[in-house]
Amino acid sequence: ARANLIYSIFSLSLQCNIQLFVGACLDWFSEEDWVAKAGELCPLFSRLSSHYRNLLHIAEMLPLGTRGVYLQKLFSYKLLCQFHPCRKCSKFVSFEEVKSSSPLKISCLIPFLEELVVHKNSDYVLIHTLLNLLDLCVGKAVPRMDQMDDLNRL
């Protein structure tokens with residue numbers, strides 16, 4: 001029980017530190033620089049851990065607000081590109097292309113789902129993580145009308 005309590009306290013402390021760090025990053029950059037800087041932050045954040053579940057948790061912890069949601073979508077897309085089993089698929093739009101075009105288009109997400117093949121030897125935790133990342137990329141806001149058809153396809 002004591003080990004679990006120590007782990008919980010450490011985990012909570014680490015989570016608070018990451019949230020404070022991300023909050024400082026969000027406040028540090030001007031509105032004009034934000035889109036470019038968010039694209040630079042994502043590869044740095046992806047080095048915080050080598051395990052996809054930890055990185056998903058970091059993506060879920062990103063703060064709400066316009067900048068936080070933008071960073072969450074972009075970071076989640078970066079992780080999809082990094083961990084998808086078919087990451088070399090020619091249908092995928094590269095992270096470099098996505099980070100230079102704002103906002104993230106739902107049509108960019110469709111190939112990730114189409115290429116996600118599940119079989120009896122699949123890593124179901126990875127599949128669950130990829131589906132969560134897809135969900136974070138879509139976001140919770142109502143999509144623009146021009147993206148509704150793509151959302152229905154997804």
* Shortest non-hydrogen contact between G139 and K73, atoms and distance -> CA-CE, 3.9 Å

* To do: Mind listing the closest non-hydrogen atom pair of V22 and P63 along with its distance?
  => CG1-CD, 3.6 Å

* **Side chains of L62 and V69 in contact at under 4.5 Å (non-hydrogen atoms)** => no

* Compare all side-chain heavy atoms of V93 with those of Y77 and state whether any distance is below 4.5 angstrom. => yes

* Gap separating the CG atom of L134 from the CZ atom of F112, nearest 0.5 angstrom -> 7.5 Å

* Asked: Are L126 and L133 connected in a single hydrophobic cluster, I mean Ile/Leu/Val/Met/Phe/Trp/Tyr linked by side-chain heavy atoms less than 4.5 Å apart?
  -> yes

* **Interatomic distance, Q72 atom CD to C42 atom SG [nearest 0.5 angstrom]** => 11.0 Å

* Please round to the nearest 0.5 Å and tell me the distance separating atom CD of E60 and atom OG of S76. => 8.5 Å

* To do: Quick one: sort the W34 and F29 rings into parallel, tilted or perpendicular, breaks at 30° and 60°.
  => tilted

* Asked: Would Y124 end up clustered with L131 when hydrophobic side chains under 4.5 Å apart are linked, directly or stepwise?
  -> yes

* To do: Start with the C-alpha gap between R53 and V125, add the side-chain angles, then the distance that decides, and say whether side chain to side chain contact (heavy atoms under 4.5 Å, CB included) holds.
  => CA-CA 8 Å; R53 288 301 290 183; V125 176; 3.6 Å; yes

* Can V138 be reached from L136 by stepping across I, L, V, M, F, W or Y side chains whose heavy atoms are under 4.5 Å apart? -> yes

* If we only count heavy atoms from C-beta on, is the L109 to L80 side-chain gap below 4.5 Å? -> yes

* Asked: Does any pair with a residue in residues 31-41 pass salt bridge (Lys or Arg N to Asp or Glu O under 4.0 Å), and if so which ones, sequence neighbours excluded?
  -> E31-R67, K37-E40

* If you look at every heavy atom in N54 and S49, which pair is closest and at what distance? -> ND2-OG, 3.0 Å

* To do: Spell out, yes or no, whether L116 and F83 are grouped together once hydrophobic residues are joined by side-chain heavy atoms under 4.5 Å, including indirect joins.
  => yes

* **Joint cluster assignment, V35 & W28, ILVMFWY side-chain distance < 4.5 Å** => yes

* Asked: Between atom OH of Y52 and atom CG of N132, what is the distance when rounded to the nearest 0.5 Å?
  -> 12.0 Å

* Asked: Looking at side-chain heavy atoms only, is the closest gap between L41 and F75 below 4.5 Å?
  -> no

* Structure fact -> Residues L79 and L56: closest non-hydrogen pair is CD1-N, 4.3 Å

